[in-house]
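First comes the structure, then the notes that go with it.
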Amino acid sequence: MQTRIESIGVHLPATAVSSSQVVAGLTHPLQVDLAALTGISNRRVRDRSPDSGEDSLGLALSAARRCLARSRYRAQDLDVVISTSITRFRGERMQWEPSLALQVCREIGAAGARSFDLSNACAGMMTGVTVLDRMIRAGQVRNGLVVSGECATTVTETAQKELSGLRDPRLASLTVGDSGAAAVLDPAAPGGSDRIHYVQLMTSSRFARLCTALPSEHAVGMTMHTDSGSLHGEDVVRQWPSLYRNVLDQLGLEFEKEGFDYLIPHQVSAQFVERVKAVGEHAFGPMPPALKVLDRYGNTASTSLFVTLHDHLRERRGAGPTKYLIVVSASGVVMGVASATVSPEVV
């Protein structure tokens with residue numbers, strides 16, 4: 001049995017903040033063209049007012065409801081809900097209990113669904129997809145919802161107060177954006193084109209210290225410290241073709257015959273996207289075009305790959321099914337690959 005992505009929903013806050021505005025908000029002025037450095041011109045930033053509904057739960061709920069609006073399933077039909085957010089804000093406080101997945105179930109009316117949270121940095125949603133894919137294939141559930149609400153710009157606000165220079169490990173905190181994303185998975189229809197052909201992740205723990213998030217020692221809030229040069233360097237990025245070669249060998253497949261239409265890397269920076277593609281081409285030959293939405297949304301953490309997929313499918317409404325090679329990358333370091341054929345009707 002194979003699974004498919006049955007529907008996708010995304011919530012992007014209405015407020016767009018430019019890279020020049022982010023730099024202008026630094027307590028210690030810095031001469032840097034952030035947009036030129038990263039390829040990120042804008043990012044979406046949540047409304048912090050109490051009645052906006054744009055905390056982690058609110059972003060996740062909005063995405064889940066939009067996803068279900070495109071689905072043939074109602075909330076009460078779901079067998080499991082998996083929340084994969086890095087951030088867990090209720091209002092302005094981080095909250096671990098009750099789980100975000102349980103709160104999503106209560107709010108959308110999925111009373112009979114199992115629920116649990118998992119976190120795996122920016123690989124969170126694809127980790128949730130991997131777990132749900134295996135649960136469906138094992139016959140444990142018939143379907144499920146993977147959801148995430150990311151208030152990532154909390155680390156931007158901390159970095160604006162603390163950043164001291166271009167070599168400061170908090171510089172990457174200026175690139176993130178807020179969003180919510182959700183996807184329903186169920187068994188692929190016999191003879192249907194839409195399906196997750198395979199998805200596989202791995203962790204290389206020797207790189208674990210290259211990106212860490214923790215409470216700030218100098219201000220109220222979370223801070224993120226990143227060794228971007230090492231995290232996005234060739235030693236780390238080369239992990240994905242190595243993993244993918246093993247996946248192809250195990251499945252008896254050849255890259256040249258896979259017929260991918262597009263490549264979706266994690267949306268960290270324009271340079272990183274091109275490096276993922278270049279390293280892939282060195283290992284396998286010509287790669288399909290790489291999709292980028294980071295110029296207008298920034299790095300939206302665990303939702304990044306689904307925000308990119310959703311945006312592209314909306315542009316392709318009326319077109320046929322499209323086959324994507326998805327390259328997962330996250331601190332940890334987590335690398336992964338997924339092959340999925342998806343029709344624009346899911347959005």
request  = Please check if the side chain of Ser83 supplies one atom and the backbone of Leu100 the other of a donor-acceptor pair under 3.5 Å.
outcome  = no
query = Okay, side chain of Thr154, backbone of Cys151: is any donor-acceptor separation there less than 3.5 Å?
reply = no
Sidechain N-carboxylate O distance under 4.0 Å for Arg4, Asp186 = yes
ask   = Got a salt bridge between Arg72 and Asp77, using NZ or NE/NH1/NH2 to carboxylate O under 4.0 Å?
value = no
inquiry  = Tell me whether Arg93 is salt-bridged to Asp55, with the criterion being a basic N under 4.0 Å from an acidic carboxylate O.
reply    = no
key: Least distance between heavy atoms, Ala301 atom then Cys122 atom   = CA-SG, 3.5 Å
request  = Establish, from distance only, whether the side-chain atoms of Thr303 and Ser179 form a donor-acceptor pair under 3.5 Å.
outcome  = yes
query = Between Ser71 and Tyr73, is there a donor-acceptor pair closer than 3.5 Å when you use the side chain of the first and the backbone of the second?
reply = yes
inquiry  = Taking Leu102's backbone N and O only, do any of them form a donor-acceptor pair with Ser99's side chain (distance below 3.5 Å, no angle check)?
reply    = yes
ask   = Under 4.5 Å between any side-chain heavy atoms of Leu294 and Val273, yes or no?
value = yes
ask   = Is it the case that Ser18 and Gln21 place a side-chain donor and acceptor less than 3.5 Å from each other?
value = yes
ask   = Parallel under 30°, tilted from 30 to 60°, perpendicular over 60°: which one fits the rings of Tyr198 and Tyr244?
value = tilted
task = Determine, for Arg314 against Asp311, whether the closest basic-nitrogen to carboxylate-oxygen distance falls under 4.0 angstrom.
result = no
task = List the steps, then state whether salt bridge (Lys or Arg N to Asp or Glu O under 4.0 Å) holds for Arg44 with Glu54.
result = CA-CA 11 Å; Arg44 299 296 179 89; Glu54 288 192 339; over 6 Å; no
query = Do side-chain atoms of Ser52 reach the backbone of Arg48 as a donor and acceptor pair under 3.5 angstrom?
reply = no
Reference residue Ile82; test side chain to side chain contact (heavy atoms under 4.5 Å, CB included); the match among Thr127, Leu118, Leu185 = Leu118
query = Which residues pass the salt bridge (charged side-chain N to carboxylate O under 4.0 Å, His left out) test with Arg238, sequence neighbours left out?
reply = Glu234, Asp235
inquiry  = Do the side chains of Lys323 and Asp261 get close enough for a salt bridge, i.e. N-O under 4.0 angstrom?
reply    = no
request  = Check whether Val347 and Tyr324 end up in the same hydrophobic cluster, where Ile, Leu, Val, Met, Phe, Trp and Tyr are linked by side-chain heavy atoms less than 4.5 Å apart.
outcome  = yes
inquiry  = Test: salt bridge (Lys or Arg N to Asp or Glu O under 4.0 Å). Region: residues 170-179. Which pairs qualify, not counting sequence neighbours?
reply    = Glu162-Arg170, Asp168-Arg170
request  = Would you mind reporting whether Leu68 and Val184 have side-chain heavy atoms less than 4.5 Å apart?
outcome  = yes
key: Check: Gln95/Gln103 side-chain N/O donor and acceptor closer than 3.5 Å   = yes
query = Between atom CD of Gln271 and atom OG of Ser228, what is the distance when rounded to the nearest 0.5 Å?
reply = 10.0 Å
query = Between Phe284 and Trp240, what is the ring plane arrangement, given parallel below 30°, perpendicular above 60°, and tilted in between?
reply = tilted
Ring pair (Phe, Tyr, Trp, His ring centres under 6.0 Å) partners for His225, two or more places apart = none
ask   = Between Arg88 and Glu150, is there a side-chain N and carboxylate O pair less than 4.0 Å apart?
value = no
Stepwise side-chain contact (heavy atoms from CB on, under 4.5 Å) test for Gln267 and Asn299 = CA-CA 5 Å; Gln267 304 290 294; Asn299 175 1; 5.5 Å; no
key: Between His266 and Ser329: side-chain donor-acceptor atoms closer than 3.5 Å   = no
inquiry  = Can a side-chain donor-acceptor contact be found between Arg195 and Gln2 if the only test is distance below 3.5 angstrom?
reply    = yes
inquiry  = Side-chain heavy atoms nearer than 4.5 Å, only ILVMFWY residues, links allowed to pass through others: does that put Val328 and Phe306 together?
reply    = yes
inquiry  = A cation-pi test, strictly: NZ or CZ of Arg46 under 6.0 Å from the centre of the six-membered ring of Phe89 and no more than 45 degrees from its axis. Yes or no?
reply    = yes
key: Verdict with reasoning, Asp47 to Thr15, per side-chain contact (heavy atoms from CB on, under 4.5 Å)   = CA-CA 8 Å; Asp47 185 344; Thr15 301; 5.7 Å; no
inquiry  = What I want to check is whether the side chains of Asp133 and Thr3 have a donor and an acceptor closer together than 3.5 Å.
reply    = yes
Any Ser115 side-chain heavy atom under 4.5 Å of Val104 side chain = no
ask   = If only atom types and distance count, is the side chain of Asp79 paired as donor or acceptor with the main-chain N or O of Arg142 below 3.5 Å?
value = yes
key: Which atom of Thr175 lies closest to which atom of Arg43, heavy atoms considered   = CA-NH2, 4.1 Å
ask   = Which pair of heavy atoms, one from Ser302 and one from Ser148, lies closest together, and at what distance?
value = OG-OG, 2.7 Å
task = Please work out which of the three classes, parallel, tilted or perpendicular, describes the rings of Phe255 and Phe260, given edges at 30° and 60°.
result = tilted
query = Checking Thr158 side chain against Gly221 main chain: does a donor-acceptor pair fall under 3.5 Å?
reply = no
query = Below 4.5 Å, heavy atoms only, C-beta onward: do Met126 and Val146 meet side chain to side chain?
reply = no
task = Examine the side chains of Thr87 and Ser56 and answer whether a donor and an acceptor come within less than 3.5 Å of each other.
result = yes
